[in-house]
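These notes are about the structure you will find just below.
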Amino acid sequence: MSAAHVVVIGAGIIGAATALGALREGFRVTILEPGEPGGEQAASYGNGCWLSPMSVIPPAGPGLWKKVPGFLADPLGPLAIRWSYLPKVLPWLARYLWAGWTEAKVLRAAQALRPLLVDAPALHRELAESAGVGHLIERRGLVYIYETREQFEREALAWRVRKQVGIEWLELDADEMRQREPELDRRYTFGALVEEGGHCRDPGAYVAALVAQAQAEGAALQQARATGFRVEGGRLKAVRTEGGEIGCDRAVICAGAHSKPLAAAVGSRVPLETERGYHAMVRDAEVGPRTPMMPYDGKMSITWTDRGLRCAGQVEIAGLDAAPNWKRAEILRDHLLRSFPGLPRDLPADRVKVWMGHRPSMPDGLPCMGPSAATPDVLLAFGHGHVGLVAAPRTARAVLDLLQGRQPALPMERFSPTRFA
Ligand SMILES: Cc1cc2nc3c(=O)[nH]c(=O)nc-3n(C[C@H](O)[C@H](O)[C@H](O)COP(=O)(O)OP(=O)(O)OC[C@H]3O[C@@H](n4cnc5c(N)ncnc54)[C@H](O)[C@@H]3O)c2cc1C
């Protein structure tokens, strides 16, 4: 009997990890991707590179609703909502705020996310090594930095919840900070170092390598956009693309922030939005952090990559189609310059590369994983929001379990595509 044929829709980190895993489980695999695997069109290209098993706190916390007027008034704040997009996003926004309404809700989300993220740096290392790019995964911890201990204490709820789900950290005082990060601006006098964290030196190259490895192991890569499905008698017959149909037995929707219409085509209406984010990256940076870091006041990550010193962050709710607001990337760049005074004030424009991408975000900060409403042959695997990179290996494992009819090791109820029905 010939192997079942799976079409993996989208070659971001979720699709790439899933495709490689499916091949190794004996499936015939076609990867469908309109862009370059690992290319700039994907969130997986330009993210903050963090493999952060401690990223368990949903984006909205208690009391966030009070700040909504500010999000609307300040188009350049770390979280901004475009007025013109407000009517469209209101239902999603209400669910987003509700998901973090109380500490108990935040804890429940953290309890759901932790098993998806735990051991991620080790799992990524294994995956990367199997594609010949183990060097892209580093495990030297991740550090949150604060000007004062009092700032850290303002985030007590998040740290309390992290502790409750088993995350540990080391607190660094001003002396330790200076020793560890001599080039960092002296205004930062307190740090929380999470040693279990890691990072990827080049997420775009990583995704490209996983897809190349999948091709080397027999996957077909088809450069086309999926447009829908042919389902007959409750069974999948084909994935429809701009260039015709691909006959197959199973399909996995991993098209990131673009997954919503595909899910709807198989009967699954999910509240997926884009939380747009930006990066600014300085080529040949003179100085930077020893450990990837996140300044409290900048709400962004600062990480060395093989392409330059990258600062990534910002949340902009403005939909998939609005033009980027590059001032937001400039804010990141300026914050980076303030954090590392050894960087030249007058950086020439050609040394700074800016990027905007789409986090695929569910309102509760948890991904959407499971069978579609119309047929169990089509699986949904998207909506990882701020944690898609770190969550990829365990997401791929869960999808493979579902493809094989096995009970996933991961508790899946909180990720169910029907949870908002
Ligand atoms: C600024 C920023 C910083 C971030 N920092 C981090 C971080 O440090 N750590 C972390 O874990 N996460 C981080 N994230 C989130 C993370 O990048 C995403 O969650 C993750 O990349 C999503 O991966 P994906 O494969 O689901 O989607 P994507 O990477 O977006 O890939 C989807 C792919 O599907 C393709 N596609 C779209 N439509 C179709 C179609 N119709 N048919 C076929 N293919 C299609 C696209 O071309 C694309 O290549 C960050 C995101 C941003 C924006």
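All heavy atoms count here, side chains included; hydrogens, waters and symmetry mates do not. Numbering of ligands and ligand atoms starts at 1, following listing order. Nothing here was measured: the structure is a model prediction, and the numbers come from that model.
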Quick test: of every protein heavy atom, which one is nearest to [atom], and how far off is it to 0.1 Å?
atom: atom 50 (C) of ligand 1; result: N47 CB, 3.2 Å
atom: atom 44 (N) of ligand 1; result: P34 CD, 3.1 Å
atom: atom 9 (N) of ligand 1; result: W50 O, 2.9 Å
atom: atom 31 (O) of ligand 1; result: G12 CA, 3.4 Å
atom: atom 39 (C) of ligand 1; result: A255 CB, 3.8 Å
atom: atom 33 (C) of ligand 1; result: E33 OE1, 3.5 Å
atom: atom 27 (O) of ligand 1; result: G256 CA, 3.4 Å
atom: atom 42 (N) of ligand 1; result: A226 N, 2.8 Å

Which of the atoms of ligand 1 are close to [X], meaning less than 4.0 Å from one of its heavy atoms?
X: H258; answer: 37 (C), 38 (N)
X: I9; answer: 42 (N), 43 (C)
X: Y278; answer: 1 (C)
X: C254; answer: 32 (C), 34 (O)
X: I13; answer: 23 (O), 25 (O)
X: V390; answer: 10 (C), 11 (O)

>> Could you check whether R162 makes a cation-pi contact with W159, meaning its NZ or CZ is under 6.0 Å from the centre of the six-membered ring and within 45° of the ring axis?
In response: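 Verdict for W159: a cation-pi partner in R162.
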>> How close do L157 and V106 get, counting heavy atoms only, and between which atoms?
In response: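 Where L157 meets V106 most closely, the heavy atoms are CD2-CG1, 4.0 Å.
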Sidechain N-carboxylate O distance under 4.0 Å for [X], [Y]:
X: D202; Y: R307; result: yes
X: E176; Y: R180; result: no
X: K237; Y: E232; result: no
X: K353; Y: E40; result: yes
X: R28; Y: D249; result: no
X: E103; Y: K105; result: no
X: R160; Y: E155; result: no

Shortest reach to [atom] by a heavy atom, considering only [options]:
atom: atom 5 (N) of ligand 1; options: G48, C200, A42; result: G48
atom: atom 25 (O) of ligand 1; options: I14, V211, V387, L32; result: I14
atom: atom 2 (C) of ligand 1; options: R359, R310, H386; result: R359
atom: atom 15 (C) of ligand 1; options: G385, G39, A43; result: G385

> C49: heavy atom below 4.0 Å from ligand 1, yes or no?
Replying inline: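 C49: in contact with ligand 1 (<4.0 Å).
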> Hey, does P360 sit under 4.0 Å from ligand 1 if you only count heavy atoms?
Replying inline: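 Within the 4.0 Å threshold, so yes.
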Should [X] be counted as touching ligand 1, given the test is an N or O pair under 3.5 Å?
X: G313; result: no
X: A312; result: no
X: H358; result: no
X: E275; result: no

>> Under a 3.5 Å distance rule, please check whether R276 uses its side chain to pair with a backbone N or O of G319 as donor and acceptor.
In response: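 Present.
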> Does S339 offer a backbone N or O that forms a donor-acceptor pair with the side chain of D185 under 3.5 Å?
Replying inline: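 Between the backbone of S339 and the side chain of D185 there is no qualifying donor-acceptor contact (under 3.5 Å).
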